[in-house]
Amino acid sequence: MVLANLNDVLPKAKKDGYAVGAFNYADLNTARGIVKAAETEKAPVVLQIAESHFPYLPLDIGGKIALDLAKQSSVPVVVHLDHGTDIKTCMIALQMGFKSVMIDQSLKPLDENIAATKKVVEVAHMLGATVEGEVGVMTTDVGKGKADYSNLSDNYTTVEDAKRFYEETGVDAVAISYGTVHGIYREKLSLNFERLYEISEALPIPLVVHGGSGLSDEEYHKSISNGISKVNYYSTMSYNVTNGLRNYLNEQKDKQTFLFNADLKIMELVQKDISEKIRIFGSNNRV
Ligand SMILES: [Zn+2]
């Protein structure tokens, strides 16, 4: 299939009230498992590589894996750069043939975030690619930087900032903060659906939730009905798959196991986990 961009899949999701899953892959096995799930569920999908994962899967190798799988796929696959931290990384991805990138300068002052995002949008649009930006601060619970759960509400994206960000950059989709946290949550979060709804009413473009791993099915549904069209999901899948692989290898310990047995098991576990999420997001049977 021809490579898709965000505009090929998200506006339709926004209109019809479902969300497209955006799943990070860590290697060939996870990428294949994600695409297999999307094909089986007849769902559009975003297959994304995170800049923070480049030490484990460099962009030049990882990008090619996703681009090849997307071209062979029977469903629309958006190959997307997740959390590109600077303009240069976004340009490299676009040059490789990515039809979608995220530029995330949300930790910088809004003016700087807008200026950088605008530059990426100008180039991406000339190449027929789309751009996701981020406004507001998403905290992270991964690695050493532990999120402070007590002041999450200070970081909720405001309607004014989101509006200004959209109007001045021309981005195609925007990630906003209404209370989620990257990684596996350590405690229950309180989500501000009202703010999410206000932003979705004020902006004509699709909204994105990051840190979607710890949400309950009900919270996913509520997020989607209040304006989310793209759900980023990775940490729980990663956790479920490594646990599943551990159990499988324990069961096999008296038998001879080859590397491809582990590869196939990873693919099967990823496919199962992603298929479940696709159905929760309501993007199954949409292509
Ligand atoms: Zn994210």
Side-chain angles (χ1 to χ4, degrees), residues 1 3-6 8-10 13 18-54 56-57 59 62-63 65-84 93 98-102 104 130 132 138 142 173 175 180 182-184 206 208-215 217 220 223-224 228-245 266-284 286-287:
M1 208 171 233
L3 285 176
N5 66 30
L6 293 180
D8 295 320
V9 298
L10 296 188
Y18 62 94
V20 176
F23 307 113
N24 293 83
Y25 60 100
D27 56 17
L28 176 63
N29 297 323
T30 43
R32 287 176 76 191
I34 292 165
V35 173
K36 195 87 202 293
E39 287 180 324
T40 314
E41 298 298 329
K42 298 188 172 53
V45 74
V46 179
L47 184 60
Q48 57 186 21
I49 182 167
E51 185 172 339
S52 59
H53 292 172
F54 288 176
Y56 325 109
L57 182 66
L59 177 60
I65 289 175
L67 290 165
D68 280 350
L69 288 172
K71 283 172 198 159
Q72 289 169 24
S73 164
S74 61
V75 292
V77 177
V78 181
V79 177
H80 178 77
L81 170 70
D82 186 30
H83 287 287
F98 278 49
K99 288 287 169 216
S100 192
V101 292
M102 175 188 192
D104 177 9
T130 47
E132 174 185 337
M138 272 288 314
V142 183
T180 56
H182 282 120
I184 310 265
V208 183
V209 61
H210 282 241
S213 269
L215 301 181
D217 294 359
Y220 281 125
S223 295
I224 295 164
I228 290 294
S229 307
K230 174 177 179 267
V231 179
N232 278 31
Y233 169 81
Y234 169 70
S235 299
T236 302
M237 183 260 281
S238 176
Y239 181 83
N240 290 343
V241 172
T242 47
N243 267 344
L245 181 65
I266 291 172
M267 263 188 272
E268 180 194 317
L269 291 163
V270 170
Q271 187 187 340
K272 183 174 172 283
D273 195 82
I274 296 299
S275 283
E276 281 170 17
K277 284 293 173 291
I278 284 174
R279 281 180 230 152
I280 292 165
F281 304 160
S283 58
N284 52 321
R286 303 283 182 176
V287 289

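In what follows, every heavy atom counts, from backbone to side chain, and hydrogens, waters and symmetry copies are set aside.
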Steps toward salt bridge (Lys or Arg N to Asp or Glu O under 4.0 Å) verdict (E276, K272): CA-CA 6 Å; E276 281 170 17; K272 183 174 172 283; 3.4 Å; yes

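- The distance from the CG atom of N243 to the OG1 atom of T236 is 11.0 Å, given to the nearest 0.5 Å.
- Taking CG from L28 and CE from M267, the interatomic distance works out to 6.5 Å, rounded to the nearest 0.5 Å.
- Listed here is the closest heavy atom pair of S283 and A43: O-CB, 3.2 Å.
- Going from atom CD of Q271 over to atom CZ of R32 covers 11.0 Å, rounded to the nearest 0.5 Å.
- At least one side-chain heavy atom of L57 sits less than 4.5 Å from a side-chain heavy atom of Y25.
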Steps toward side chain to side chain donor-acceptor pair (under 3.5 Å) verdict (D273, Y239): CA-CA 10 Å; D273 195 82; Y239 181 83; over 6 Å; no

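- Between A50 and N24, the closest heavy-atom pair is CB-ND2, 3.5 Å.
- Counting heavy atoms from C-beta outward, K99 and V78 have side chains that stay 4.5 Å or more apart.
- At least one side-chain heavy atom of Y233 sits less than 4.5 Å from a side-chain heavy atom of I274.
- Side-chain contact between T30 and V241 is absent, with no heavy atoms from C-beta onward closer than 4.5 Å.
- Y234 places no side-chain N or O within donor-acceptor distance of the main-chain N or O of A26, the cut-off being under 3.5 Å.
- Atom OG in S238 sits 14.0 Å away from atom CZ in F23 (nearest 0.5 Å).
- The CG atom of L69 lies 14.5 Å from the CE atom of M1; values are rounded to the nearest 0.5 Å.
- In this structure a side-chain-to-backbone donor-acceptor pair under 3.5 Å is missing from Y56 to D27.
- The two residues V208 and A173 come nearest to each other via the heavy atoms CG2-CB, 4.0 Å.
- Across all non-hydrogen atoms, the minimal contact from A70 to L3 is CB-CD2, 3.4 Å.
- At least one side-chain heavy atom of L245 sits under 4.5 Å from a side-chain heavy atom of I266.
- L215 has its side chain within reach of T180: a pair of non-hydrogen atoms, C-beta onward, lies under 4.5 Å apart.
- Listed here is the closest heavy atom pair of L6 and S100: CG-OG, 3.2 Å.
- Here the closest non-hydrogen pair linking V75 and V287 is CG1-CG2, 3.5 Å.
- From I49, atom CD1 reaches atom NE2 of H83 across 13.5 Å, with rounding to the nearest 0.5 Å.
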